[in-house]
Amino acid sequence: MVAKLALPEDDSITVLRAVISEREKFRDFYNALTEAWVLHVQNYLEHHGDPQIISPLVLSSFISEAAIIEEEAKTNNDNRLIPAQIRVEQKRKKSLIGLYSPKEDKSPYVILDKLRRKHNLLFCPCCGEPGKPTTLDHYLPKTSYPELSIIIANLTPMCSECQQKKSSDYLDANGDKIYIHPYFDAIEQVQLSINITAPYTNPTFTLIVPDDGVDDELHSLLIRHINGIDFLERFDEFCRNEYMALLRTMSLERQDEAPESAQRIIRRFKRQYDNQSQNRWEAIFYRGIFNNNNLLNYLDSGILPEFN
């Protein structure tokens with residue numbers, strides 16, 4: 001599940017100003033946009049990227065009449081049905097989104113590469129699934145917020161599965177934000193767990209989202225987040241695979257002259273993963289086993305499946 005991340009060391013506004021300073025194409029647009037853009041990013045940081053508060057910039061406000069006249073002169077049979085004003089807006093939006101794909105000698109190529117590859121994460125901070133996340137997600141999507149395409153506080157490491165599920169959604173039908181922001185939301189207050197019920201040869205795994213001591217708004221947000229990334233189905237598949245691997249481990253352990261107890265083995269696994277993040281999938285899984293005395297007894301002395 002979601003892990004709280006520290007904000008990247010690179011300051012969002014400093015990076016933004018560096019990007020603006022390199023602009024050559026559409027220079028008049030970027031000059032007109034700069035002041036409002038910086039204030040917009042400050043607002044994002046102050047309100048923790050909350051889409052209920054932060055609205056996209058209206059790009060038409062920063063397009064000059066001269067740019068529209070110039071575009072009007074380019075009208076031809078292929079584009080004549082689209083007004084020049086709209087065509088200019090589309091081009092400026094495309095330019096803003098394109099900032100996210102800079103050449104190697106332009107800002108913020110090095111910073112983006114570092115965010116993607118040098119985060120030292122061993123799991124996805126959006127869902128907790130094991131494995132190094134290899135993509136960056138725009139918390140507020142660049143399709144709706146093109147001006148945030150290269151804002152560092154809006155970019156978080158994410159696995160490809162979460163990115164596909166999250167897509168460009170950010171508000172639900174009720175106008176509530178759907179997803180937890182790994183840099184800002186207090187997810188560290190929540191410790192997820194699972195209830196594992198017999199038969200232990202093929203148990204049922206039920207996610208437990210605690211509400212005791214958790215702010216109601218955060219609890220509701222967590223439920224929306226879980227549903228939005230299709231967490232339950234993915235986590236259940238992980239638990240089943242991890243459980244079969246554990247049964248095999250315990251079967252091998254029983255062959256030793258002095259086998260360790262299941263409690264001791266599970267405690268070691270639990271401690272290892274809890275130290276990395278209390279809500280990564282392995283931590284939730286082994287916490288659920290460690291707190292289940294009936295299951296621990298089964299792992300010690302129950303009839304395990306036969307393995308080749």
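Fair warning: this is a prediction, and the values are worked out from it, not measured in the lab. Only this structure's heavy atoms are used, side chains among them; waters, hydrogens and symmetry mates stay out.
- Closest approach of I303 to T201, counting heavy atoms only: O-CG2, 4.2 Å.
- Looking at Q42 and E46, their side chains never bring a donor and an acceptor atom within 3.5 Å of each other.
- K132 is not listed as a side-chain neighbour of L122, based on a closest heavy-atom distance of 4.5 Å or more.
- With hydrogens and angles left out, the side-chain atoms of T75 and R87 include a donor and acceptor closer than 3.5 Å.
- Between Y30 and S95, the side chains place a donor N or O and an acceptor N or O closer than 3.5 Å (distance only, hydrogens not considered).
- Minimum heavy-atom separation, G288 to I196: C-CD1, 4.0 Å.
- Two residues are said to be in side-chain contact when any heavy atoms from C-beta on lie closer than 4.5 Å; R240 and M244 fail this criterion.
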Contacts table for residues 1-8: side-chain donor-acceptor under 3.5 angstrom, sequence neighbours left out:
none

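- Residues I226 and L207 form a side-chain contact, since some pair of their non-hydrogen atoms from C-beta on lies under 4.5 Å apart.
- Considering only heavy atoms from C-beta on, R234 comes within 4.5 Å of W281 through its side chain.
- With S21 contributing its side chain and A18 its backbone, the two residues share a donor-acceptor pair below 3.5 Å.
- Nearest approach of T143 to S168, heavy atoms of both residues: OG1-CB, 3.7 Å.
- Taking each heavy atom of Y286 and I266 in turn, the nearest pair found is O-CG2, 3.5 Å.
- A side-chain N or O of R27 and one of N31 form a donor-acceptor pair less than 3.5 Å apart.
- Taking the side-chain hydrogen bond (donor to acceptor under 3.5 Å, both in side chains) definition, one finds that H47 meets it with N43, sequence neighbours left out.
- Because its NZ or CZ atom is both nearer than 6.0 Å to the ring centre of F26 and within 45° of the ring axis, R92 counts as a cation-pi partner of that residue.
- For the pair C239 and I194, the minimum side-chain heavy-atom distance is below 4.5 Å.
- Using a 4.0 Å cut-off between charged nitrogen and carboxylate oxygen, K142 and E147 do not count as a salt-bridge pair.
- In this structure, the side chain of Q278 engages the main chain of E188 through a donor-acceptor pair within 3.5 Å.
- Note: F235 and F231 meet the aromatic proximity criterion, with ring centroids under 6.0 Å apart.
- A186 and L218 make their closest contact through O-CD2, 3.4 Å (heavy atoms, listed as atom of the first residue, atom of the second, distance).
- Side-chain atoms of N174 never come within 3.5 Å of backbone atoms of D176 as a donor-acceptor pair (strictly under, hydrogens ignored).
- Here the closest heavy-atom approach between residue N154 and residue Y44 is recorded as OD1-OH, 2.7 Å.
- Atom CG of N120 sits in a sparse spot, with 12 or fewer heavy atoms from other residues, nucleotides or ligands closer than 6.0 Å.
- The side-chain contact (heavy atoms from CB on, under 4.5 Å) check on P210 picks up V190, L192, with sequence neighbours excluded.
- Applying the ring-ring contact (aromatic ring centres under 6.0 Å, His included) test to residues at least two apart or on different chains, the pairs with a partner in residues 100-125 are Y100-H138.
- For the salt bridge (charged side-chain N to carboxylate O under 4.0 Å, His left out) condition, no pair includes a residue of residues 191-204, sequence neighbours left out.
- With rounding to the nearest 0.5 angstrom, the CG atom of D11 is 10.0 Å from the CZ atom of R17.
- Contact check on R248 versus E306 returns no salt bridge, with no Lys/Arg side-chain nitrogen under 4.0 Å from an Asp/Glu carboxylate oxygen.
- Other residues, nucleotides and ligands contribute more than 12 heavy atoms inside 6.0 Å of the CG atom of D256.
- Residue pairs meeting the ring-ring contact (aromatic ring centres under 6.0 Å, His included) criterion with at least one member in residues 173-195, sequence neighbours excluded, are H48-F184, Y139-H181, Y179-H225, H181-Y183, H181-F184.
- F205 and Y243 have perpendicular rings, their planes meeting at more than 60° on a 0 to 90° scale where under 30° would count as parallel.
- Here the straight-line distance linking atom CG of L296 with atom OG of S301 works out to 10.5 Å at 0.5 Å rounding.
- Look at K114 and D10 and you find a salt bridge, because one of the NZ, NE, NH1 or NH2 atoms lies within 4.0 Å of a carboxylate O, short of that distance.
- E72 is not listed as a side-chain neighbour of Q85, based on a closest heavy-atom distance of 4.5 Å or more.
- Taking a cutoff of 4.0 Å between a charged side-chain nitrogen and a carboxylate oxygen, R224 and D169 do not qualify as a salt bridge.
- Side-chain heavy atoms closer than 4.5 Å link hydrophobic residues (I, L, V, M, F, W, Y) into clusters, and following such links, possibly through other members, connects L136 to Y170.
- Here R287 pairs with D274 in a salt bridge; the nearest charged N to carboxylate O distance falls below 4.0 Å.
- Two residues are said to be in side-chain contact when any heavy atoms from C-beta on lie closer than 4.5 Å; P125 and T156 fail this criterion.
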Can you check salt bridge (charged side-chain N to carboxylate O under 4.0 Å, His left out) on K177 and D50, steps first, answer last? CA-CA 7 Å; K177 78 171 188 174; D50 188 345; 5.1 Å; no
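- In this structure the side chain of E242 never reaches within 4.5 angstrom of the side chain of L246, judged on heavy atoms.
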